[in-house]
Amino acid sequence: ALKVPGLERVNVREIFIPWSMLVSVVVATYVMLRLVEKRPWSTVGLDRPAASPRTLLRGVAFGGLTIGVARLVLLAFHQLQIQRSIPGSWWGAAERSSAVLLPAAFWEELFFPGYAFSVLRRAAGWRTALVVTSIPSGLVTAWNSGADADWFLGLTRRGFATGLIL
């Protein structure tokens with residue numbers, strides 16, 4: 001039998017749900033975009049030029065810069081603390097977190113500022129699309145532990161910022 005260290009601690013449901021949500025929104029987007037509306041992937045920003053290495057690197061650099069600056073500001077105002085962790089390797093926790101959080105983040109980005117935004121932008125204009133998709137984007141994480149009004153406002157602002165670049 002294959003023995004993988006730490007596998008007995010993995011909650012399969014915790015990993016399965018975000019991946020199944022991601023697959024379902026990708027399939028739904030494909031059906032609505034390509035089969036029903038017969039529109040190109042560029043409608044939701046998922047065309048070939050959007051996946052070019054230059055575009056991806058620019059996005060990673062911009063995202064890293066904004067996250068880094070925000071973290072430095074929080075550190076400067078003592079709103080973010082660096083705390084010691086439990087002794088041992090952090091690789092397992094990083095792998096489990098990535099297996100759960102990455103598909104959840106991709107789902108959220110495709111679900112709110114993806115197809116729904118493109119439909120609302122065509123039907124009611126980009127301002128309406130921005131408001132209608134940004135607020136639910138903040139509400140979808142309301143059940144997370146530690147979520148409060150500041151959390152909601154931060155994610156809603158992030159939704160507005162994301163929508164402004166679309």
Side-chain angles (χ1 to χ4, degrees), residues 4 6-7 9-71 74 90-123 126 128-148 150-166:
V4 179
L7 188 60
R9 293 182 305 219
V10 173
N11 181 347
V12 174
R13 182 178 173 161
E14 182 181 75
I15 294 171
F16 176 76
I17 289 174
W19 282 100
S20 63
M21 289 171 59
L22 177 59
V23 168
S24 67
V25 79
V26 167
V27 169
T29 300
Y30 174 78
V31 168
M32 292 306 297
L33 189 67
R34 302 294 289 149
L35 302 180
V36 174
E37 292 192 31
K38 309 249 190 276
R39 293 190 174 272
W41 281 106
S42 60
T43 306
V44 292
L46 292 175
D47 53 339
R48 198 173 301 270
S52 73
R54 181 178 179 180
T55 302
L56 293 174
L57 286 173
R58 187 174 42 213
V60 167
F62 182 69
L65 177 67
T66 56
I67 290 169
V69 168
R71 297 302 185 250
L74 289 171
W90 57 272
W91 284 105
E95 289 170 351
R96 283 190 295 280
S97 295
S98 296
V100 172
L101 297 178
L102 286 176
F106 289 140
W107 170 83
E108 183 182 343
E109 293 303 320
L110 188 55
F111 190 78
F112 291 108
Y115 181 73
F117 187 91
S118 73
V119 170
L120 286 166
R121 181 176 53 200
R122 290 190 312 268
W126 72 270
T128 301
L130 187 61
V131 171
V132 171
T133 59
S134 295
I135 293 171
S137 179
L139 287 173
V140 78
T141 60
W143 67 83
N144 289 357
S145 76
D148 57 11
D150 287 338
W151 177 274
F152 167 73
L153 290 174
L155 288 175
T156 302
R157 281 193 308 264
R158 185 210 40 90
F160 278 100
T162 302
L164 288 174
I165 63 173
L166 297 175

With side chain to side chain contact (heavy atoms under 4.5 Å, CB included) as the criterion, how do Leu110 and Leu46 come out once you've worked through the C-alpha distance, each side chain's angles and the decisive distance to 0.1 Å? CA-CA 10 Å; Leu110 188 55; Leu46 292 175; 3.7 Å; yes
Non-hydrogen atoms of [X] and [Y] that approach each other most closely:
| X | Y | value |
| --- | --- | --- |
| Pro18 | Ala104 | CB-N, 4.0 Å |
| Leu35 | Lys38 | O-NZ, 2.9 Å |
| Gly45 | Ala50 | O-CB, 3.3 Å |
| Pro103 | Ser98 | CD-O, 3.5 Å |

Set of residues satisfying side-chain hydrogen bond (donor to acceptor under 3.5 Å, both in side chains) with respect to Glu37, sequence neighbours excluded: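 side-chain hydrogen bond (donor to acceptor under 3.5 Å, both in side chains) check on Glu37 returns Arg39, Tyr115, Arg122.
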Could I get the full list of side chain to side chain contact (heavy atoms under 4.5 Å, CB included) partners for [X], not counting sequence neighbours?
| X | answer |
| --- | --- |
| Arg58 | Arg54, Thr55 |
| Ala129 | Phe117, Leu120, Arg121 |
| Phe111 | Val25, Trp107 |
| Ser97 | Leu101 |

Does atom CH2 (Trp19) have a neighbourhood of more than 12 heavy atoms from anything else shown, all under 6.0 Å?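 Open.
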Take Trp41 and Arg34 through the test side chain to side chain contact (heavy atoms under 4.5 Å, CB included) and record every step on the way to the result. CA-CA 8 Å; Trp41 281 106; Arg34 302 294 289 149; 3.7 Å; yes
Determine which pairs satisfy side chain to side chain donor-acceptor pair (under 3.5 Å) with at least one residue from residues 59-68, sequence neighbours left out, and list them in order.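 Every candidate side chain to side chain donor-acceptor pair (under 3.5 Å) pair involving residues 59-68 fails, so no pair, neighbours aside, qualifies.
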